[in-house]
Amino acid sequence: MNQRKFARILIHTRWKISAVFLIFAYIQQFQLSFSVHMSKRYLFMEPRWQLLNTAIAAIPLLILFFLTRRMDIATLGSSILFTVLSLISYHVVVYHGSPFFAADIYSIGAAVNVLGGYRFIADLCTFRLGILFLIQLVIWGALFLKADWFRRRCPRLAVSCPLLIDAACIFLCFFSPWALFSKNIVTWNWLPSISEYGYGICLCNSFYSLTHSINRPENYSVDTIAAEPASEGSGARPDIILILNESLYDLNLCTDLPESAEIFQRMRNIPGVSSGYAVCPTIGGGTNNSEFELLTSNSMSILNLSAPFSSMSMKGVNSIVSYLKQLGYTTTGMHCASAVNYSRNRAYPELGFDNVVLGGDSFQYYQGHGSRPWLDSGIYEDMMLWHDAAGDNPRFTYLLTYQNHGGYEKNDESFDTIHIQSDRFGDRTGELNEYLTSIEKSADAFESLISRLSTYNRPLVVLMVGDHAPSFLPQIVSQDDLSGEERDVVFCSVPYFVWSNTDFDGSLFPEYTSMTDLIPILLKAAGMPLSPYYATILKLGQALPVRTSTGYWRDSLGQYGTIASSETYSGLVNNYLCMEYNNLKKGSDYQSAWFQPQSAMESSPS
């Protein structure tokens, strides 16, 4: 059959060709919908959003069609591609706590490095994704056997036009002056956005967010910001050890699990320890987000990105590292995993660490438990080795641990020292046993560390806090009895423990606080200088101790609400976010004095 005759056939069958593209693209977008648990909502989504999601899903199909000029190869290739992407997306949601968005490209290296610790999930969702793939194969097979035009090579013009038209429509919707989505529709509370618009639209919109990574707070103006005055405290300069403990979480917070409660009660009973819960920015994942909030006291709530170390420069960003260096401290930052994870090899020096200790080769005291590597007890030895060698100046040592990292099926059950006496967790029981066994070892290591430091001959403060809950938490806890704000607070409440051998007011640490507030509280409790920024955070925390990155609050009386709808609290929170914005943007109105100790301000040239 010559090209001219075949072109005439294409013209006469153009509606059939269009229908084939729509059917495959719709099913493939539906696969992505399943992968982020949005299938039911997707069926009842507005038709215009369903159509746009289908147009987005058609882009890979049309690109394959353009490259191969054959519909059979393009449809089969895109079916395989979307099945693989959907399976990946599902595992990202389960293990990371949120779907893949554009900003996650910056941390793809870290994701690949840690994926080896997790297992492939074979459950109802993956079964459904497989069924949708089989449906596509059946349609493809029927067309391949019965439709001659489906198997033939198409003219270049015929394959170019659909791609150009589809791409133009998507450009108009997202990136043109007439865009339907000219603002960030995906915040850290991603669930409502995907429910309303669909995953495809939110994914495209997240690329817009990359160029608008910091949200300008409402009514931002330096002239209206109420910065608290700096204070010098008592002049104390104790050594500080700060430990961010991987996946340290008390499961008894949201499910009756006495085995977990007993472990954490042991830690609270250590003489001289004050304890509570700090609300981290994300559920079940996002170590770097917690790391960012802890070290910088900046909230993730105004950022349209994940993994700040990977996607932002830390130069000039307020941090306890650079702050203590201005007070004469020698600073050390440590993590035993790969140095390139979340670009820590770049971010730690930018934060101001004098000594950067990253990667397993930099550690001497490796200890494991079965197939679980890097026990806390081992890396605490390395931590103290570096801390003791830091010289005569006051010392600040920061350690990010690894021991409790998922997944939780690395060991045979014979390695478990805790066995849950309940069958209500079903297939998750083995994971819980291994997780709690690992948490118990963290408790043992922390207890031994504090016992060792009780005879330390220098004034010292130790603060340890979890980074986030384990990834399986949403799968083992019924959420029917929790409101949105309660869920965000409970699921994100990680335990913290603080101990000191010197004059230290542990009573300043509340039962519940925010991750951003821990460092300002520590400085105040130790009698150390407070910058205007830290002082402002302290004042906010006294009024509103818990503020989630999704816009909820919990006050000291245990009452919940949304920040945006609260006349009492919205102004206080916005004032703090305006100061953070000033620090992160560092524009012409940058107020460097807000982020320095008073002694540094007085010594700066006018």
Side-chain angles (χ1 to χ4, degrees), residues 1 3 5-35 38-39 42-43 45-87 89 128-176 180 197-204 207:
M1 186 184 298
Q3 288 291 312
K5 184 176 180 181
F6 183 59
R8 287 199 300 269
I9 293 175
L10 281 177
I11 293 172
H12 290 302
T13 59
R14 62 187 181 276
W15 301 117
K16 294 180 182 179
I17 295 172
S18 300
V20 168
F21 280 138
L22 285 172
I23 290 170
F24 274 89
Y26 182 81
I27 295 175
Q28 289 159 7
Q29 175 55 33
F30 197 40
Q31 280 185 296
L32 285 179
S33 171
F34 264 128
S35 73
M38 292 288 101
S39 55
Y42 184 79
L43 287 173
M45 193 184 300
E46 289 187 44
R48 57 175 175 162
W49 303 144
Q50 290 202 41
L51 184 61
L52 183 52
N53 278 293
T54 302
I56 293 167
I59 285 291
L61 171 59
L62 292 173
I63 290 175
L64 286 173
F65 186 40
F66 176 79
L67 295 175
T68 64
R69 295 165 60 184
R70 286 181 55 173
M71 292 192 67
D72 56 342
I73 296 177
T75 49
L76 180 61
S78 65
S79 297
I80 296 172
L81 174 65
F82 271 87
T83 300
V84 173
L85 290 177
S86 298
L87 287 170
S89 177
R128 288 172 173 171
L129 294 175
I131 291 296
L132 288 172
F133 177 60
L134 289 177
I135 291 173
Q136 293 176 78
L137 281 185
V138 170
I139 297 172
W140 182 89
L143 289 169
F144 187 83
L145 292 174
K146 296 183 178 181
D148 182 66
W149 51 266
F150 185 69
R151 303 189 301 271
R152 287 199 171 266
R153 192 173 178 86
C154 299
R156 182 67 67 185
L157 180 62
V159 302
S160 302
C161 289
L163 177 60
L164 292 174
I165 293 171
D166 195 37
C169 291
I170 294 172
F171 175 80
L172 289 172
C173 290
F174 290 97
F175 305 105
S176 72
L180 293 173
Y197 299 109
Y199 181 42
I201 289 175
C202 291
L203 180 61
C204 284
F207 283 93

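These numbers were taken from a predicted model, which means no experiment stands behind them.
Note that CD1 of I23 and CG of L143 are 8.0 Å apart. Values are rounded to the nearest 0.5 Å. Once rounded to the nearest 0.5 Å, the distance linking CD1 of I56 with CH2 of W49 reads 10.5 Å. Atoms CD1 and CG, from I80 and L76 in turn, are 4.5 Å apart once rounded to the nearest 0.5 Å. In this structure, the separation between CD1 on I27 and OG1 on T54 is 10.5 Å, given to the nearest 0.5 Å.
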Kindly list each side-chain donor-acceptor pair under 3.5 angstrom involving residues 161-171, sequence neighbours excluded, with atom names and distances?
none

Mind listing the side-chain donor-acceptor pairs of residues 131-139 below 3.5 Å, one per line with the distance, residues two or more places apart or on another chain?
residue	atom	partner	partner atom	Å
Q136	OE1	Q28	NE2	3.0
Q136	OE1	S79	OG	2.9
Q136	NE2	Q31	OE1	3.0
Q136	NE2	L132	O	3.4

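Heavy atoms only, all atoms of each residue included: T75 and W140 are closest at OG1-CD1, 3.1 Å. Nearest heavy atoms, A25 versus A57: O-CB, 3.5 Å. Taking all atoms of both residues into account, the shortest heavy-atom contact from Q29 to Y199 is NE2-N, 4.2 Å. For the residue pair L61 and S78, the shortest heavy atom distance occurs at CD1-OG, 3.4 Å. Taking every heavy atom of both residues into account, C202 and Y197 meet most closely at SG-CB, 4.3 Å. Annotation for S89 and S35: closest pair OG-OG, 3.0 Å, computed over non-hydrogen atoms.
Under a 3.5 Å cut-off, the side chain of T68 and the backbone N or O of L64 do form a donor-acceptor pair. In this structure a side-chain-to-backbone donor-acceptor pair under 3.5 Å is missing from D72 to F144. The main-chain N or O of F30 is never found under 3.5 Å from a side-chain atom of N53 such that the two would form a donor-acceptor pair.
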Output, in order, the C-alpha distance, side-chain angles, deciding distance and verdict of side chain to side chain donor-acceptor pair (under 3.5 Å) for Q50 and Y26.
CA-CA 8 Å; Q50 290 202 41; Y26 182 81; 3.2 Å; yes
What verdict does the side-chain contact (heavy atoms from CB on, under 4.5 Å) test give for F24 and V20, after you've listed the backbone C-alpha separation in whole Å, the side-chain angles of each residue and the deciding distance to 0.1 Å?
CA-CA 6 Å; F24 274 89; V20 168; 3.8 Å; yes
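When side chains are defined from C-beta on, F82 counts as touching P60, because their heavy atoms get closer than 4.5 Å.
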